2 protein chains.
Amino acid sequence: MSARTSRGRRPGAPDTRAEVLAAARASFAEKGFRGTTIRAVGAAAGVDPALVHHYFGSKDDLFLAALEMPVDPREVLAPVVAQGPDGAGERLLRTFLSVWDDPDMQVRLLAVVRSVLTDDGGTLLKEGFIPVVVGPVLAQLVADRPDVRIPLVTSQVVGLIVMRYVIAFPPMAQMPAEDLVARVGPVLQHYLTGDLP
Amino acid sequence: MSARTSRGRRPGAPDTRAEVLAAARASFAEKGFRGTTIRAVGAAAGVDPALVHHYFGSKDDLFLAALEMPVDPREVLAPVVAQGPDGAGERLLRTFLSVWDDPDMQVRLLAVVRSVLTDDGGTLLKEGFIPVVVGPVLAQLVADRPDVRIPLVTSQVVGLIVMRYVIAFPPMAQMPAEDLVARVGPVLQHYLTGDLP
DNA sequence: GACGTTTTTCACCATGTGTTGAATTGTGCG
DNA sequence: CGCACAATTCAACACATGGTGAAAAACGTC
């Protein structure tokens, strides 16, 4: 591209704010919170770092802005729960993948996952998100012993996320969603309602 | 403890080098590579940061030293492979957990996992470790279609690692290893040799 | 066309980082 | 003892980072 060096406002009506936000989302998704620098975000958007601060305040504020419009899992999973435990494994996985495979959602979710895995937001996950949000939803689908079945379901789903989206291991990342549903869904069903020692 | 401020060598024969290394391992395991600072390692060992550089060279060298004596998965998994595919799921998981549940191994493995998840060593995993090391081993246990079965096995195992060791989600972290073997082993067996669509 | 407002860059500051080189103190050996 | 060597700290450099305040350029409105 060209070197842009004039000082004040640019001609035309470019939505620079949106470009900065997009660059921030991409960087947070790829490098996590600590790995993202305001300077890099500015550079990616072709903009002075100070402009990033001008639009969004601190780096924390930028992170929050990048995460805007997160999914409410309880809302998304409501229909899955409503149809009862039969075939819940497949339905659960299908709606799950439909959210994660949406590119717009994916950058946001990846940003939070990467940062949580990286920056010791682990506490946030294990004391907040999983028991408060995921737990109650899954509890409605589980046959018994939720303290055994929920961790098992969660572990398989988390493994899927990491392999398919965080690492993007090609065979897993390119597997069609319906194939995954057919192959992993029964396992989730087994964890939810099958015979467990 | 007390503020240590004298300049030169300490009296006695303290194995400061080992203390520094232990502190480095702990920090790498908890915070990953980027999250670990040489100054923090020095402080944790009660030592000037320059001493860290004196013993181990650069930060990269320190990281390598902290990872010393890693497990060679091919070696550890050799007996599992040798006994053939029958019951391989359980055996695989059992040896796997025996390595990870060893505290000494755990810090080293956690260090590499955290850094890989964090610092875009993702490439290392998806283009090096998994296809070169894990792949060939699992390939010997798999019934057919390795490009389908290996990612599935890997995803369940990775999910276990993340939940049990990285996040340390309590119900998963405290589940006895043999319970896990009994509950997840059959799923791995299914991924290895069962009927898959 | 004049003027206030918004957008954008520039020039800094304070802080934290990895790293280096010299200086100081103890240990062990002749 | 004297002397080489190892262990340890201090002071500093060069750089990157998050953040701030002022100045310049375009826009919108009267």
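Convention: sequence-line order gives letters A, B, ...; per-chain numbering from 1. Nothing here was measured: the structure is a model prediction, and the numbers come from that model.
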Q: Please tell me which of B:Ala50 and A:Thr36 maps to the more 5' nucleotide of DNA chain D, matching each residue to the nucleotide holding its nearest heavy atom.
A: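 Taking each residue's closest nucleotide, the earlier one in sequence belongs to B:Ala50.
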
Q: Nearest to the side chain of A:Lys59 - C:dT17, D:dG19, D:dC10?
A: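 The closest nucleotide is D:dG19.
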
Q: Output the rounded distance in Å from CG (A:Asp15) to P (C:dT8).
A: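 Answer to the nearest Å: 9 Å.
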
Q: Should B:Leu97 and A:Val158 be regarded as members of a common hydrophobic cluster, given that ILVMFWY residues are connected when their side-chain heavy atoms come within less than 4.5 Å of each other, either directly or indirectly?
A: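 Linked, B:Leu97 and A:Val158 end up in one cluster.
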
Q: Short question: side chain of A:Arg183, backbone of B:Tyr191 - any donor-acceptor pair under 3.5 Å?
A: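 Side chain of A:Arg183 to backbone of B:Tyr191, a donor-acceptor pair under 3.5 Å: no, none is there.
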
Q: In whole Å, what is the span from the CD1 atom of B:Ile38 to the P atom of D:dT8?
A: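 Atom-to-atom, B:Ile38 to D:dT8, this comes out as 16 Å.
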
Q: Can you check the B:Phe33 CZ to C:dG18 C1' distance for me, whole Å?
A: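 The answer, rounded to whole Å, is 10 Å.
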
Q: Restricting to non-hydrogen atoms, name the atom on A:Ala88 and the atom on A:Leu141 that form the minimum distance, rounded to 0.1 Å.
A: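 Closest approach of A:Ala88 to A:Leu141: CB-CD2, 4.0 Å.
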
Q: Go through D:dT8, C:dT9, D:dG18 for me and flag the one nearest to the A:Leu51 side chain.
A: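 For the A:Leu51 side chain, the nearest candidate turns out to be C:dT9.
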
Q: Go through C:dT8, C:dT17, C:dT20 for me and flag the one nearest to the A:His54 side chain.
A: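 Of the candidates, C:dT8 comes closest.
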
Q: Tell me whether the side-chain N/O atoms of B:Tyr55 come closer than 4.0 Å to OP1 or OP2 in D:dA6.
A: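 False: B:Tyr55 side-chain N/O out of range (4.0 Å or more) of D:dA6 OP1/OP2.
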
Q: Starting from the 5' end of DNA chain C, give me the residue, A:Pro49 or B:Pro49, whose nearest nucleotide shows up first.
A: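 Closest to the 5' end, via its nearest nucleotide, is A:Pro49.
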
Q: Applying a 4.0 Å non-hydrogen cut-off, can you work out what B:Arg39 is touching in the nucleic acid: base, sugar-phosphate, or nothing?
A: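 Base: the residue B:Arg39, judged by heavy atoms under 4.0 Å, touches a nucleobase.
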
Q: Between atom CG in A:Asp48 and atom P in D:dA23, what is the gap in whole Å?
A: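 Atom CG in A:Asp48 sits about 17 Å away from atom P in D:dA23.
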
Q: Taking OP1 and OP2 of D:dT8, is either one under 4.0 Å from a side-chain nitrogen or oxygen of B:Thr16?
A: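 For D:dT8, OP1/OP2 do have a side-chain N/O of B:Thr16 under 4.0 Å.
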
Q: Look at the side chain of A:Arg114 and the backbone N and O of A:Phe28, then say whether any donor-acceptor pair between them is shorter than 3.5 Å.
A: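 Such a contact is absent between A:Arg114 side chain and A:Phe28 backbone.
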
Q: So, the side chain of A:Asp102 versus the backbone of A:Val99: is there a donor-acceptor pair under 3.5 Å, distance only?
A: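 Checked: no pair found.
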
Q: Report the distance from atom CG of B:Asp60 to atom P of C:dT19, rounded to the nearest whole Å.
A: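 Rounding to the nearest Å, CG of B:Asp60 and P of C:dT19 are 7 Å apart.
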
Q: For the pair made of CZ in B:Phe63 and C1' in C:dG18, what is the distance, rounded to whole Å?
A: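 It works out to 16 Å between those atoms.
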
